[in-house]
Amino acid sequence: MSPTPQQRRAARHQLGTDPNTPAARRGRSGGRKKPITVEAIISTAFDIVEREGYEALTMRRVATALETGPSSLYAHVVNKEDLDELLIGRLCAQIDLPEPDPALWRQQITDVCTQLRDQYLRYPGISQAAFAAAPSHLDTLRVSEGMLAILLAGGIDPQVAAWAIDSLQLYVNAYSLEVSLANRRLSRSDDTWVVGRDELLRRFAALPDTFPLTRRYAAELTAGTVQDRFDFTIRLMIDGLPGARRDP
């Protein structure tokens, strides 16, 4: 008897994904098309997100792109949540994790967060798949393990380090989603919802007297690039960790 989708998922978590186990196609075209594999499902899902955004990703949409029915996908993927887990795991597999260095731990944890952000930004909105999801995919756990090792090397208490990882990943997810949404709006013909700095300064200057601080510090409130703000927030979070080793 063939393993159930749930058994396939459990096996992936223990041994890693086997992308080459085919599922038979159904219907008259079954013998004329390539078999469905986990790899084919993942690749097709990424293509959809890259072209249309994460909001367009559904099991039915993937099945249509593969010229099959949704039931053919379930031989490998339990449901949409399982597909999300596979996608985030695939992105996490691209993260290079350094050998933890007590003298370089701040730069190392910043670099891991930056890599994760860059992977998410390749596929508009895909960081939504990582929200409220307990890490269970081996590649996702590998990144958390690497981040924990770096923070422990920096002298961070294990409990503080555990919560710091959660906070850092949550910020990276939210940042990536915000940038993806802004870029999506800019790509539309109606870009009035994305306001440039010059326009924002003009609007702040026109505020009534009930907003004296916003008017006075408009330049500071609108300063910096998205990269500047990302670096600032990651540094702020890291420097605020109690018990951290100081830079030599």
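Owing to the predicted nature of the structure, the values given are computational and were not obtained by experimental measurement.
The side-chain heavy atoms of Asp82 and Glu85, taken from C-beta on, include a pair separated by under 4.5 Å. Ile234 has its side chain within reach of Ile238: a pair of non-hydrogen atoms, C-beta onward, lies under 4.5 Å apart.
Note: Leu73 CG to Thr68 OG1 = 6.5 Å, rounded to the nearest 0.5 Å. Expressed to the nearest 0.5 Å, how far CZ of Arg203 lies from CG of Asp198 amounts to 12.0 Å. Distance check: Ser144 OG to Leu148 CG gives 8.5 Å after rounding to the nearest 0.5 Å. To the nearest 0.5 Å, the span separating CD1 on Ile126 from CG on Leu57 amounts to 7.5 Å. The CG atom of Asn173 sits 11.0 Å away from atom CG of Leu168, with the distance rounded to the nearest 0.5 Å. Atom OG1 of Thr222 is separated from atom CG of Leu200 by 6.0 Å, given to the nearest 0.5 angstrom.
The hydrophobic clustering, which links ILVMFWY residues whose side-chain heavy atoms are closer than 4.5 Å, places Val160 and Ile150 together. At a threshold of 4.5 Å between side-chain heavy atoms, the hydrophobic network of Ile, Leu, Val, Met, Phe, Trp and Tyr places Trp163 and Met147 in two separate groups. Taken together through direct or relayed side-chain contacts under 4.5 Å among Ile, Leu, Val, Met, Phe, Trp and Tyr, Phe204 and Tyr217 form parts of separate hydrophobic clusters. In the hydrophobic clustering of ILVMFWY residues, with side-chain heavy atoms under 4.5 Å counting as a link, Leu181 and Leu170 come out together. Linking Ile, Leu, Val, Met, Phe, Trp and Tyr whenever their side-chain heavy atoms come within less than 4.5 Å leaves Leu104 and Val112 in two separate clusters.
Taking each heavy atom of Asp139 and Cys92 in turn, the nearest pair found is O-CB, 3.5 Å. Between Arg61 and Ile48 the shortest heavy-atom distance is CG-CD1, 3.7 Å. The nearest pair of heavy atoms linking Asn79 to Tyr74 is CA-CE2, 4.2 Å. The two residues Tyr120 and Ala130 come nearest to each other via the heavy atoms OH-CB, 3.7 Å. Here the closest heavy-atom approach between residue Leu87 and residue Ala45 is recorded as CD2-CB, 3.9 Å. Minimum heavy-atom separation, Phe230 to Cys113: CZ-O, 3.9 Å.
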(request) Report the C-alpha separation of Tyr123 and Phe46 in whole Å, then their side-chain angles, then the decisive distance to 0.1 Å, and conclude whether the ring pair (Phe, Tyr, Trp, His ring centres under 6.0 Å) test is met. (result) CA-CA 7 Å; Tyr123 301 98; Phe46 274 133; 4.5 Å; yes
(request) Determine, step by step, whether Phe131 and Leu177 satisfy the side-chain contact (heavy atoms from CB on, under 4.5 Å) criterion, reporting the C-alpha distance in whole Å, the side-chain angles of both residues, the deciding distance to 0.1 Å, and the verdict. (result) CA-CA 10 Å; Phe131 280 114; Leu177 179 58; 4.0 Å; yes
(request) Could you go through the side-chain contact (heavy atoms from CB on, under 4.5 Å) check for Glu39 and His76 one step at a time? (result) CA-CA 10 Å; Glu39 182 61 41; His76 289 294; over 6 Å; no
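When atom types are taken as modelled, the side chain of Ser176 and the backbone of Val172 share a donor-acceptor pair closer than 3.5 angstrom. Remark: side-chain polar atoms of Ser180 are not paired, donor with acceptor, to backbone N or O of Pro124 under 3.5 angstrom. Between the side chain of Gln108 and the backbone N or O of Asp101, at least one donor-acceptor pair lies under 3.5 Å.
Summarising the local packing, CD of Glu178 is surrounded by 12 or fewer heavy atoms from other residues, nucleotides or ligands at distances under 6.0 Å. No more than 12 heavy atoms of other residues, nucleotides or ligands sit less than 6.0 Å from atom CZ of Arg60. In the displayed structure, Arg197 atom CZ is contacted under 6.0 Å by more than 12 heavy atoms of other residues, nucleotides or ligands.
Residues Glu145 and Arg142 are not paired through a salt bridge, judged by the lack of any N-O separation under 4.0 Å between the basic side chain and the carboxylate. A salt bridge links Lys80 with Asp84; the closest basic N to acidic carboxylate O contact falls under 4.0 Å.
A donor-acceptor contact under 3.5 angstrom links the side chains of Asp228 and Thr225, judged on distance only. Under 3.5 Å, the side chains of Arg90 and Gln119 contain no donor-acceptor pair of N or O atoms. With hydrogens and angles left out, the side-chain atoms of Gln115 and Asp111 include a donor and acceptor closer than 3.5 Å.
In summary, of the residues considered (Ile156, Leu151, Leu241), a side-chain contact (heavy atoms from CB on, under 4.5 Å) with Ile109 occurs for Leu151 alone. Residue Asp231 is tested with Arg235, Arg229, Gln227 for a side-chain hydrogen bond (donor to acceptor under 3.5 Å, both in side chains); the sole match is Gln227.
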